[in-house]
Amino acid sequence: MRSSPIKLSMTDKQAQDYAASIPFDRRLYRQDIEGSIAHTRMLAKQEIIAESEAEAIIKGLNSIRREIERGKFQFRTELEDIHMNIEARLFEKIGDVAGKLHTARSRNDQMALDLRLLVKEEIGKTIGTIKALQISLVELAQGNKDVIMPGYTHLQQAQPVLLAHHLLAYFEMFQRDKERFHDCLGRADFMPLGSGALAGVPYPIDREFVAQALGFSKVSNNSLDAVSDRDFIIEYEAAAAITMMHLSRLAEEFILWSSSEFGFIQIGEAFTTRSSIMPQKKNPDVTELARGKTGRVYGHLTAILTIMKSLPLAYNRDMQEDKEGLFDTVDTLQSSLEVFAGMLKAIEVNTGRIAQAMRTDYTLATDLADYLVKKGLPFRKAHSVIARLSEYAMSRGKTFKELGRKEYRDFSPLFAGDVYDITSESSVAARDVIGGTSPQQVAKALKRARRLLKK
Ligand code: ARG
């Protein structure tokens, strides 16, 4: 067995360990090999290396891939990173011809390629997972489409809304999240090979051929930019941070709603834990963890922005720090979305408790004001009448429904018997504007959601 002539790393063992990225960048082995194979094919096509040499290299690379996948590959820290580990093994397998693989290439453009391939792939998966979560949301909304709940502002009961309307608000957020990832995909979709270390390469290469072989629609326009920017990682992490923020708000609401104070929902047994000391408790751990992990994803975004902010062009070793945050963001986002999609299927809506929360019908105050407006009172006046009426009702522990005809008349002569027609049903039905909470609008929104999910 021949050993590789590659000797790059530091001789101080501690420094070597400190500098090695192989403990984490081994995750890029598939992209690295895929990129090397496309590069090798191009080198042969351009007659920069011989066809037979390309065949030997490709065969070697494929067998290295199999070794890695079977867990038979010996990753070595002294070889620093995934590129050198694979190349060194290639030498052992096919001898000196392995030395031709790195013609017209640098680890700088190679790493940029591997990362772009990974980000593109992960965006596809992320969009798919967000979609699965949206499907669960729509199902939950559909299954409870007639449930009216208190809508909140300042976490104070404000106006009645359909639970489905509330859930579909998240559908919209996740829809925009998918679009953000999609936009980010367009900017990640540049093939950087051919940039070399920083200035381009002095060989008659065919960059478009490599781009096509690897599924890129464009080649990068500036070699310095191509090897030294990581904006596509930052964008992925920013889009992930926003998605996690949305997920975290949903998590927070589920935590509140599943508390004994609210009692609006029950999270399935499979997604909660029991307290080790207080036997009555069921803890919504999954939702709490998603809320917590959101902080971690924000951290990665802040880290990569900070790593990049003062680097002179082109490549600097600082950029090796781009990977762990990216990988962890991918894993955290994916797993959070996946577990949430599953958990949504195990949510039980407690319509009794929601109806109970609606029993004190002060959320109808705006409707009462609108009633007086319809009878000719200016809105501001109507508002102050209802403010006084509400205070009166609350101080006597009565709901609006429980107030007598006479009590209403004491506040305004405009009140008639039809004031009792104001209910949470009439309240939501009245909000029949595009984007409003009326059953008709929500039915349309559900239809639209399902149509979008079919795409
Ligand atoms: N391990 C390096 C990284 O992750 C790969 C590129 C190294 N390039 C270099 N010129 N040392 O960024």
Side-chain angles (χ1 to χ4, degrees), residues 4-36 39 61 64 68 73-90 99 101-122 188 190-202 210 214 220 222-234 236-237 300 303-331:
S4 133
I6 311 164
K7 292 273 172 295
L8 291 173
S9 71
M10 296 173 260
T11 47
D12 182 275
K13 176 71 177 116
Q14 210 171 15
Q16 209 179 75
D17 289 349
Y18 182 71
S21 54
I22 192 63
F24 47 88
D25 72 10
R26 62 173 71 178
R27 181 165 173 160
L28 292 163
Y29 81 89
R30 201 164 35 76
Q31 289 81 3
D32 200 70
I33 289 174
E34 214 183 298
S36 288
H39 179 67
L61 288 169
I64 291 171
I68 295 174
F73 190 93
Q74 279 280 334
F75 289 103
R76 285 156 54 193
T77 313
E78 68 275 18
L79 289 169
E80 208 174 289
D81 59 22
I82 186 66
H83 322 303
M84 303 318 298
N85 267 271
I86 289 174
E87 204 181 317
R89 182 72 184 125
L90 193 62
L101 165 62
H102 213 49
T103 315
R105 195 175 68 170
S106 147
R107 278 190 294 161
N108 297 348
D109 57 356
Q110 190 179 357
M111 184 47 93
L113 174 76
D114 294 2
L115 287 169
R116 281 183 184 270
L117 282 170
L118 176 110
V119 166
K120 281 181 64 185
E121 225 174 87
E122 291 302 342
F190 281 88
M191 203 293 293
L193 278 194
S195 303
L198 75 163
V201 295
V210 178
L214 294 171
S220 54
N222 181 297
S223 58
L224 292 158
D225 171 46
V227 292
S228 71
D229 204 359
R230 293 292 184 264
D231 58 355
F232 60 101
I233 293 180
I234 298 174
Y236 180 90
E237 291 184 20
H300 294 318
I304 184 72
L305 283 167
T306 313
I307 290 161
M308 296 303 296
K309 82 186 220 325
S310 315
L311 298 183
L313 298 188
Y315 178 83
N316 298 268
R317 191 66 182 271
D318 314 45
M319 287 158 65
Q320 180 168 296
E321 290 294 313
D322 58 4
K323 289 167 204 60
E324 286 157 292
L326 171 65
F327 298 157
D328 190 63
T329 300
V330 163
D331 295 341

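Numbering of ligands and ligand atoms starts at 1, following listing order.
Scanning the protein for heavy atoms near atom 12 (O) of ligand 1, the closest one is Tyr315 OH, 2.4 Å. The nearest protein atom to atom 4 (O) of ligand 1, hydrogens excluded, is given as Lys323 NZ, 2.6 Å; this is a heavy-atom distance. Arg107 NH2, 3.5 Å is the protein heavy atom nearest to atom 11 (N) of ligand 1.
Near Met111, the atoms of ligand 1 lying under 4.0 angstrom from a non-hydrogen atom of the residue are 4 (O). Within ligand 1, the atoms closer than 4.0 Å to a non-hydrogen atom of Asp81 are 1 (N), 2 (C), 5 (C), numbered from 1 in the order shown. Interface atoms of ligand 1 facing Ser21, defined by a heavy-atom separation under 4.0 Å, are 1 (N).
Under 4.0 Å is where a charged nitrogen must lie from a carboxylate oxygen, and between Glu34 and Lys120 no such pair does. Under 4.0 Å is where a charged nitrogen must lie from a carboxylate oxygen, and between Glu80 and Arg107 at least one such pair does.
The side-chain tip of Arg116 points at the ring of Phe232 from less than 6.0 angstrom away and within 45° of straight on.
With a heavy-atom cut-off of 4.0 Å, Gln110 does not touch ligand 1 at all. Of the heavy atoms in Asn108, only side-chain atoms (C-beta onward) come closer than 4.0 Å to ligand 1. Of the heavy atoms in Gln320, both backbone and side-chain atoms come closer than 4.0 Å to ligand 1.
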Pair Arg27, Asp331 - check salt bridge (Lys or Arg N to Asp or Glu O under 4.0 Å), show working. CA-CA 12 Å; Arg27 181 165 173 160; Asp331 295 341; 2.8 Å; yes

